[in-house]
Amino acid sequence: MPRDRAARFLRALQPLPLAAFLGLALGYVVFNSVFPNVSFPASGETSGILAIGILVLASFLAGLVTVDVRLVVFQSFLAIPIGIAVASALAISPVLTGYVEVGSDELVGFVLRLGIPIYLLALPVFPVLGLAGLFLREHLGLRASSFWKRRVEPQRK
């Protein structure tokens, strides 16, 4: 019985690394669009094509590695709150270093309010392009690598 619980727990944690990857990409895009002069590369204005390209590439790569359709959809929706947390943490960092003279609560409010269009854009982009990556992987006949278990094939004599 304890092995069954451990297996269920590990299966529930399976989409977390890819959701964190998607959330990191989403958080960076939101932070870069809200504060383009603080992020890397520092510029006066955010490139919309670059921002959409980062979201598209991240979701397509996550789809290539995902095992099945259910996990693509689950990790896509799980990435939104992770992206909000990453963008908020990145927004607070210039305040902690003294680069920006604004209250940290106002920065988090900026990230939440001004990032809403990007969060809404990520809702359809992550699952659709994740499914496209999954479809391409299946079409090419490749296998998804599992992060959680390494299968050792018994050697045949």
Side-chain angles (χ1 to χ4, degrees), residues 9-97 99-100 102 104-151:
F9 180 71
L10 288 177
R11 193 171 40 239
L13 289 179
Q14 190 174 7
L16 279 181
L18 291 174
F21 173 69
L22 291 172
L24 183 65
L26 178 63
Y28 173 74
V29 167
V30 169
F31 178 70
N32 188 22
S33 68
V34 174
F35 303 108
N37 58 348
V38 180
S39 60
F40 180 81
S43 62
E45 191 173 318
T46 303
S47 170
I49 295 172
L50 179 66
I52 292 172
I54 290 172
L55 293 178
V56 165
L57 183 65
S59 59
F60 189 75
L61 289 176
L64 285 175
V65 180
T66 305
V67 177
D68 64 351
V69 174
R70 180 182 54 86
L71 291 178
V72 168
V73 174
F74 183 66
Q75 73 197 13
S76 298
F77 285 106
L78 187 62
I80 302 296
I82 293 172
I84 292 171
V86 167
S88 299
L90 286 172
I92 291 173
S93 65
V95 171
L96 297 177
T97 59
Y99 190 75
V100 176
V102 179
S104 60
D105 58 339
E106 293 173 358
L107 285 177
V108 173
F110 286 151
V111 167
L112 290 176
R113 190 170 16 121
L114 298 175
I116 285 177
I118 299 171
Y119 298 131
L120 292 176
L121 176 69
L123 280 174
V125 167
F126 282 166
V128 168
L129 290 169
L131 290 173
L134 181 67
F135 173 74
L136 180 67
R137 189 199 73 219
E138 292 294 324
H139 183 69
L140 295 176
L142 303 173
R143 291 185 343 184
S145 58
S146 175
F147 293 117
W148 298 103
K149 54 184 170 184
R150 303 270 183 214
R151 293 185 182 173

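Using a 4.5 Å heavy-atom threshold, the side chains of Phe77 and Leu123 count as touching. Using a 4.5 Å heavy-atom threshold, the side chains of Phe60 and Leu136 count as touching. A 4.5 Å side-chain heavy-atom check between Val69 and Leu131 finds at least one atom pair inside the cut-off.
Distance CG/Leu18 to OG/Ser59: 11.5 Å, rounded to 0.5 Å. In this structure, CG in Leu114 is found 13.0 Å from CZ in Phe31, a value given to the nearest 0.5 Å.
Thr66 and Gln75 get closest at one heavy-atom pair: OG1-NE2, 2.7 Å. Closest approach of Val72 to Pro127, counting heavy atoms only: CG1-O, 3.8 Å.
Residues satisfying the side chain to side chain contact (heavy atoms under 4.5 Å, CB included) test with Val56, not counting sequence neighbours, are Ile52, Val125, Leu129. Applying the ring pair (Phe, Tyr, Trp, His ring centres under 6.0 Å) test to Phe135 and every residue at least two apart in sequence or in another chain returns His139. Looking at residues two or more places apart in sequence or on another chain, you find a side chain to side chain contact (heavy atoms under 4.5 Å, CB included) between Tyr119 and Leu26, Val30, Ile84, Ala87, Val111. Partners of Leu78 according to the side chain to side chain contact (heavy atoms under 4.5 Å, CB included) rule, which considers only residues two or more places apart in sequence or in another chain, are Leu16, Ala19, Phe74, Ile82. Residues satisfying the side chain to side chain contact (heavy atoms under 4.5 Å, CB included) test with Ile54, not counting sequence neighbours, are Ala25, Tyr28, Val29, Leu50.
Counted within 6.0 Å of CG on Leu140, heavy atoms from surrounding residues, nucleotides or ligands total more than 12; the atom is thus considered enclosed.
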